[in-house]
Amino acid sequence: LERYAFILLNIEKFWNRLCDRNRAGKTVHTFVRRGLVGPKNAELLLFYVTHPYKEIRGVGEFIERIAGDAEDLWKTYGHESLLRSYEEYVDFMQGRRKATFIRFKNLRELPAPIPANVIFQVTGIGRMPRMGKYVTKEMVHQLI
């Protein structure tokens, strides 16, 4: 499978924070995941907002994925994340010592979000995997 873009699952609270950061002029953002997961290579990240929307609401350009010690990653990249404090980060991590920070830039909110039924039709999947999903360039062009 061609790994052109990766669909990241996001809850509404964090999607809204991301949009606020973006509108405030921040250009580089970091998406935090528990454990060692997430895209290693991709051109784009597609942001799928789960409940209640179940739709892709934005697109960003993938910079890099950095996985490793949760504490070290926070010290270096925490300021780029959507988490407002070290305490919130610790709470979010739920005791995990390894984290994945997915860095990206140029976030664009889509004028018309892409609903789940369209995503499933284009990608051929029945439901969105919790870990996210790689999609091809052709699929992205059909979606956006």
* Structure fact -> In this structure, NZ of K98 is separated from CE of M93 (nearest 0.5 Å) by 10.5 Å
* Check whether L83 and V28 end up in the same hydrophobic cluster, where Ile, Leu, Val, Met, Phe, Trp and Tyr are linked by side-chain heavy atoms less than 4.5 Å apart. => no
* Spatial distance of atom CD1 (I102) from atom NE2 (H29) [nearest 0.5 Å] -> 14.0 Å
* To do: Treat each ILVMFWY residue as a node, draw an edge where side-chain heavy atoms are under 4.5 Å apart, and state whether V37 and L45 are in one component.
  => no
* Please report the closest heavy-atom contact between A42 and F62, naming both atoms and the distance. => O-CD2, 3.0 Å
* Does R65 have any salt bridge (Lys or Arg N to Asp or Glu O under 4.0 Å) partners at least two apart in sequence or in another chain, and if so, which? -> none
* Look at the rings of Y86 and W74 and say which category their plane angle falls in: under 30° parallel, 30 to 60° tilted, over 60° perpendicular. => tilted
* To do: Using a 4.5 Å cut-off on heavy atoms from C-beta on, say whether the side chain of K105 contacts that of T27.
  => no
* **Exercise: identify the closest heavy-atom pair between M131 and R33** => O-NH2, 3.0 Å
* Structure fact -> Minimal heavy-atom distance between A5 and V140, with the atoms involved, is CB-CG2, 3.6 Å
* Heavy-atom closest contact (R21 atom, S81 atom, distance) -> NH1-O, 3.7 Å
* Asked: Atom OG1 of T136 and atom NE2 of H141: how far apart are they, to the nearest 0.5 Å?
  -> 9.0 Å
* Asked: Under 4.5 Å between any side-chain heavy atoms of L46 and I114, yes or no?
  -> no
* Ring centres of F104 and F47 under 6.0 Å apart? -> yes
* **Side chain proximity check, E109 to R23, heavy atoms < 4.5 angstrom** => yes
* **E64 side chain near F101 side chain, heavy-atom distance below 4.5 Å** => no
* Cluster overlap V118 with I7, hydrophobic side-chain contacts below 4.5 Å -> yes
* Separation between CD1 of I11 and CG of L82, rounded to the nearest 0.5 Å -> 10.0 Å
* Asked: In Å and rounded to the nearest 0.5 Å, what is the CG to CE distance from L9 to M128?
  -> 6.0 Å
* Asked: Would you call E43-K137 a salt bridge at under 4.0 Å N-O?
  -> no
* Would you mind reporting whether Y4 and L44 have side-chain heavy atoms less than 4.5 Å apart? => yes
* Over all atoms of both residues, closest heavy-atom pair of I144 and R108 -> CG2-NH2, 4.4 Å
* Asked: How about F31 and R103: do any of their side-chain heavy atoms sit closer than 4.5 Å?
  -> no
